Structures are given as structure tokens and as C-alpha cells.
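Just below is one structure, and these are the notes that go with it.
Owing to the predicted nature of the structure, the values given are computational and were not obtained by experimental measurement. As a basis for the values below, the full set of heavy atoms in this structure was taken, side chains included, without hydrogen atoms, waters or symmetry mates.
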Amino acid sequence: MAEEFLGDSNGSDRPNSDAFEPEREKVEFMIISSRAGVQEQIRNFYASGFARVDEWSPITPVPNREDRMMTILIRYRKVLPTDSMNR
């Protein structure tokens, strides 16, 4: 499954850019929690090898929810020929 994710034009295995390439689909991961909860999950994802800490967006407040913070990680996946058959 990891082979479905593409590197960016800089050769990164875990791209965080908007570089357009045919046959790519943007996949966004969002964490919403308290600041401490967001930071803990970012560290957990790092420890598991899922994402480096610097790949996440800056932690920002959730609009209209002063008790909640959020961050986003963007990855890209290959669009497979079988994807259109699953719709």
C-alpha cells in the first residue's frame, strides 16, 4: 500500500507539495484536538514512521472553536486503473 504514495519533484518519499502530476490524487490527513492532543498525535505518527514532524502544517485554531486546534498533512497517491471501477 505504501507504494501507492508518490514522491514529489524533489525526490521526497513523503511529499508535502502541490506539484501537479498526471495520475495523482491529493490525500489530506487532519488532526483536530487540544494543542496537547495534536502534538501528541504528531509525535505518535513520527514514532510509527508515518510522517515527519515538519511535514504537518502549523497548528492553528479551529474556526469558531477556541478549545480546538488543527493541523493537516498532505500526501499524494497514484490513481490506479481500478479506481474508476470502484465508483
Side-chain angles (χ1 to χ4, degrees):
M1 183 154 100
E3 62 275 1
E4 290 184 25
F5 287 97
L6 302 172
D8 64 9
S9 58
N10 297 327
S12 171
D13 290 334
R14 292 188 166 88
N16 201 18
S17 69
D18 290 336
F20 173 79
E21 288 185 26
E23 306 302 318
R24 282 171 47 122
E25 177 184 9
K26 187 185 223 180
V27 179
E28 297 171 277
F29 300 88
M30 182 181 293
I31 302 171
I32 299 176
S33 186
S34 65
R35 177 175 291 277
V38 170
Q39 291 171 328
E40 179 181 314
Q41 289 307 308
I42 289 172
R43 286 191 300 270
N44 288 342
F45 283 128
Y46 173 75
S48 71
F50 180 73
R52 294 187 325 260
V53 172
D54 64 349
E55 292 181 290
W56 294 90
S57 69
I59 298 173
T60 57
V62 173
N64 302 319
R65 294 286 310 270
E66 61 187 58
D67 63 328
R68 291 286 174 225
M69 305 297 281
M70 67 180 180
T71 185
I72 298 172
L73 171 70
I74 298 174
R75 295 279 177 84
Y76 295 90
R77 66 178 284 276
K78 291 179 186 178
V79 176
L80 303 173
T82 56
D83 287 352
S84 62
M85 294 188 297
N86 294 330
R87 293 183 186 178

Under the side-chain contact (heavy atoms from CB on, under 4.5 Å) criterion, do L73 and F45 qualify, and how do the steps go? CA-CA 11 Å; L73 171 70; F45 283 128; over 6 Å; no
Could you pull out the closest heavy-atom pair between [X] and [Y], with the gap in Å?
X   : Y   : value
P61 : M70 : O-CE, 4.1 Å
K26 : Y76 : CA-CD2, 3.8 Å
V38 : I32 : CG2-C, 4.5 Å
R68 : S34 : NH1-N, 3.1 Å
R24 : V79 : C-CG2, 3.8 Å
P58 : T71 : O-OG1, 4.3 Å

Could you go step by step and tell me if E55 and R75 meet the side-chain contact (heavy atoms from CB on, under 4.5 Å) rule? CA-CA 10 Å; E55 292 181 290; R75 295 279 177 84; 3.7 Å; yes
Nearest-0.5 Å distance, CZ of residue R35 to CD1 of residue I59: 5.0 Å
Quick check: are there more than 12 heavy atoms from other residues, nucleotides or ligands sitting under 6.0 Å from CD of E28? yes
Hey, can you tell me if F29 and F50 have their rings parallel, tilted or perpendicular (30° and 60° cut-offs)?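 Judged by the thresholds at 30° and 60°, the geometry between F29 and F50 is perpendicular.
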